[in-house]
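A short write-up of the structure that comes next.
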Amino acid sequence: MATTLNYINGEWTESESGETHTNYNPADTTAAIGEVQSSTAADAQRAIAAADEAASEWAATPGPERGAVLRETGDLLAERKESLVETLVSEEGKTRAEAAGEVQRAIDIFHYYAGKAADIGGEIKESSARDTTLSVREEPVGVVAAITPWNYPIAIPAWKVAPALAAGNTVVLKPATVAGITGSKLVEALDDAGLPDGVLNFVTGSGSVVGGELSTDERVDAVSFTGSETVGDIVYQDAADDQKRVQLEMGGKNPTVVAEDADIDEAVEIVGAGAFGVTGQACTACSRAIVHESVYDEFVSGIVEYAESLDVGPGLTDPDMGPQVTQAELDGTLEYIDIAREEGAQLATGGSRLTGGDYDDGYFVEPTVFSDVDPEMRIAQEEVFGPVLSVIPVSGFEEALDVANGVEQGLSASIVTENLRKAHRFVDEAEAGVVKTNEKTTGLELHVPFGGMKASSSETYREQGDAGLDFYTITKTVYLNY
Ligand code: NAP
Ligand code: MG
């Protein structure tokens with residue numbers, strides 16, 4: 001069984017703890033796929049020291065030269081795509097097609113920010129004084145910590161690491177433990193592409209130990225975190241002591257409104273793909289369909305048929321839906337299914353762990369639909385992070401808007417309608433960082449900003465696109481009187 005090492009100051013090294021964590025294939029837990037280091041606070045400190053040491057030289061490296069390393073990394077990821085897909089599916093569980101999409105996203109992100117590295121600069125303004133150049137420069141922030149979740153174990157590290165390096169920062173990456181092997185493959189590509197020692201460091205281990213060290217150490221200037229709200233709160237508090245720059249991207253309770261004029265077949269496809277794609281384990285997954293009463297019955301029978309048609313199985317066998325990532329995530333989903341039943345929601349389809357044959361060795365659960373859900377029920381308010389959809393009937397557009405906005409989170413929201421006025425009103429009124437019409441809540445383009453409103457985000461900086469560079473640069477204003 002392969003052992004994944006930490007990567008500190010250009011060296012692949014064991015944790016000083018001498019301990020490892022074993023990762024299993026979520027589709028077949030009889031198969032351990034490898035081990036990652038159970039690192040200590042001292043390991044994290046060594047990584048921070050290496051990043052701190054390398055910071056000034058990388059910042060002084062010309063942008064185009066930094067960009068060349070990113071471009072080469074993208075090329076190497078592309079060459080290795082097949083094997084990256086296998087690793088990702090084996091460790092995280094999503095289907096081969098979904099994994100291929102994710103790996104391609106990581107490749108594209110590296111190529112995108114490779115180009116951007118030469119464009120970072122600033123602007124020149126007129127000064128009130130003569131013989132003076134007044135300029136505004138964008139400089140790297142310094143040492144960045146990237147703390148990432150398991151659900152997009154290569155794309156999310158990519159969309160933090162690539163802009164951070166493009167802008168001239170050094171980085172310590174702490175991936176989710178259960179998906180640390182996939183994360184290490186990104187680091188291998190950067191190493192092979194010739195990234196100088198110390199510019200990127202990689203440390204696996206307990207969130208509170210390694211993540212806690214990264215969020216509190218004074219040599220870290222900025223922390224970019226994606227994960228749950230519970231942990232995001234801790235990271236924000238930890239980072240407040242020495243006023244680090246912080247970016248948090250967290251959960252969602254994303255709605256799709258189905259208006260009375262919607263094409264119902266289209267609505268079923270949009271909601272079904274948003275709810276059950278990547279096993280519902282996306283921050284932007286659709287977990288609430290808010291449906292006008294006049295099309296409600298037709299929609300419910302359509303979405304039940306959609307859910308029942310999905311072929312669930314091991315991601316490597318090209319099913320429609322793979323397993324959940326861990327026993328804990330599966331248990332969480334089953335617990336919410338029980339809660340929904342107790343609250344009086346109607347179980348329209350699914351609701352159980354899949355068993356028998358190969359299913360017994362994996363974390364498989366049925367695509368699940370609850371109908372007649374009241375918007376105040378916990379199943380309609382809290383993130384489940386599994387393939388569970390709540391269908392909520394409403395009697396008009398205003399009520400649909402109220403229900404859509406009536407949750408703490410505000411990540412992604414969509415509406416299915418043929419009516420231009422409703423489409424525009426929804427875009428205006430939806431309290432979400434990403435709003436779509438006649439599209440699923442999931443799926444993002446890489447060259448536009450991504451982030452949430454309300455409890456989904458720290459509301460500080462966006463990720464991706466040009467905006468993704470803002471977090472990684474700090475402004476210096478220069479008065480140059482000659
Ligand atoms: P998580 O449990 O919050 O973990 C995220 C990361 O934080 C992991 O690397 C984790 O390490 C680490 N961590 C845990 N405790 C920590 C602490 N005290 N200090 C610092 N770091 C700590 O999230 P997850 O279960 O991996 O991912 C699922 C969540 O991510 C969902 O809520 C989902 O909505 C959200 N998500 C949001 C977005 C977005 O862009 N908005 C995208 C994807 C996912 P360990 O793995 O070692 O525990
Ligand atoms: Mg978690």
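In this chain, residues are counted from 1 in sequence order. Every number for a ligand or one of its atoms is a count from 1 in the order of the listing.
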| Nitrogen or oxygen of Tyr152 less than 3.5 angstrom from that of ligand 1 | no

| message | Side chain, backbone, both or neither: which applies to Ile156 and ligand 1 if a contact is any heavy-atom pair less than 4.0 Å apart? | response | side chain

| Are any of the N/O atoms in Ser206 less than 3.5 Å from those in ligand 1? | no

| message | Can you tell me if Ser456 contacts ligand 1 (heavy atom of the residue under 4.0 Å from the ligand)? | response | no

| Pair Thr230-Ser228, side-chain donor/acceptor within less than 3.5 Å | no

| said: Does only the side chain of Ile147 get under 4.0 Å from ligand 1, or the backbone, or both, or neither? Count heavy atoms. | reply: side chain

| query | Which is it for Thr226 and ligand 1 at heavy atoms under 4.0 Å: side chain, backbone, both or neither? | reply | both

| field | ligand 1 contact by Ala282, heavy-atom criterion under 4.0 angstrom | value | no

| Gap between atom CD of Glu14 and atom OG1 of Thr3 - 0.5 Å precision | 7.5 Å

| query | How about Trp159 and Phe471: are their ring centres within less than 6.0 Å of each other? | reply | no

| task | Of the side chain and backbone of Glu383, name the one, both, or neither that has a heavy atom under 4.0 Å from an atom of ligand 1. | result | side chain

| field | Side chain to side chain, Arg462 and Gln247, heavy atoms closer than 4.5 Å | value | no

| said: Counting only nitrogen or oxygen atoms and a 3.5 angstrom limit, does Ile234 reach ligand 1? | reply: no

| Structural part of Phe450 in contact with ligand 1, heavy atom criterion under 4.0 angstrom | side chain

| query | How does Thr148 reach ligand 1, by side chain, by backbone, by both or by neither, if only non-hydrogen atoms under 4.0 Å count? | reply | backbone

| query | Less than 3.5 Å between some nitrogen or oxygen of Ser228 and one of ligand 1, yes or no? | reply | yes

| task | Determine, for Phe225 and Lys174, whether the Lys NZ or Arg CZ falls below 6.0 Å from the six-membered ring centre while staying within 45 degrees of the axis. | result | no

| said: Please check: side-chain N/O of Glu138 versus main-chain N/O of Tyr472, any donor-acceptor pairing under 3.5 Å? | reply: no

| message | Let me confirm one number: the OG1-CH2 distance from Thr4 to Trp12, rounded to the nearest 0.5 Å. | response | 7.5 Å

| request: Determine, using heavy atoms of Trp150 and all atoms of ligand 1, whether some pair is separated by less than 4.0 Å. | output: yes

| query | Do Tyr336 and Ile339 come within less than 4.5 Å of each other through their side chains, counting heavy atoms only? | reply | yes

| query | Between Val235 and ligand 1, which residue portion shows a heavy-atom distance shorter than 4.0 Å: side chain, backbone, both, or neither? | reply | side chain

| said: Measuring from non-hydrogen atoms of Gly452 to any atom of ligand 1, is the shortest distance under 4.0 Å? | reply: no

| query | Backbone or side chain, does any N or O of Gly207 fall under 3.5 Å from an N or O of ligand 1? | reply | yes

